[in-house]
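Here's the structure we're looking at; comments come further down.
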Amino acid sequence: MPVHVTDAGLPLGIQAVGRPGDEQTLLSLAAQMEKISGWLARRAPLKVPA
């Protein structure tokens, strides 16, 4: 899950592992991380040709 961006613009993420058959916990964790990290509000810089 992407959770942060370095000063150089590189994404940092985490990998979550759960119990077999417990995908709901991982999906809930991912949703919470997206919400608090602000990742969904990020947009790639738009390069306009000169």
Side-chain angles (χ1 to χ4, degrees):
M1 293 173 277
V3 294
H4 186 68
V5 177
T6 68
D7 291 338
L10 299 173
L12 296 177
I14 63 170
Q15 180 179 2
V17 179
R19 293 183 299 253
D22 192 17
E23 287 80 10
Q24 183 59 39
T25 299
L26 292 176
L27 293 172
S28 176
L29 173 63
Q32 293 173 51
M33 293 298 296
E34 282 183 340
K35 190 173 189 178
I36 64 172
S37 71
W39 189 263
L40 294 177
R42 293 189 46 82
R43 298 291 179 256
L46 179 63
K47 293 186 178 184
V48 179

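Separation of atoms CD (Gln24) and CG (Leu29) is listed at 11.5 Å; rounding is to 0.5 Å.
Taking each heavy atom of Ala16 and Met1 in turn, the nearest pair found is CB-CE, 3.8 Å.
Residues Leu12 and Ile36 do not share a hydrophobic cluster, clusters being chains of Ile/Leu/Val/Met/Phe/Trp/Tyr side chains in contact below 4.5 Å.
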Item to complete: Tell me, with the steps shown, if Ser28 and Gln32 meet side chain to side chain donor-acceptor pair (under 3.5 Å).
Response: CA-CA 6 Å; Ser28 176; Gln32 293 173 51; 3.0 Å; yes

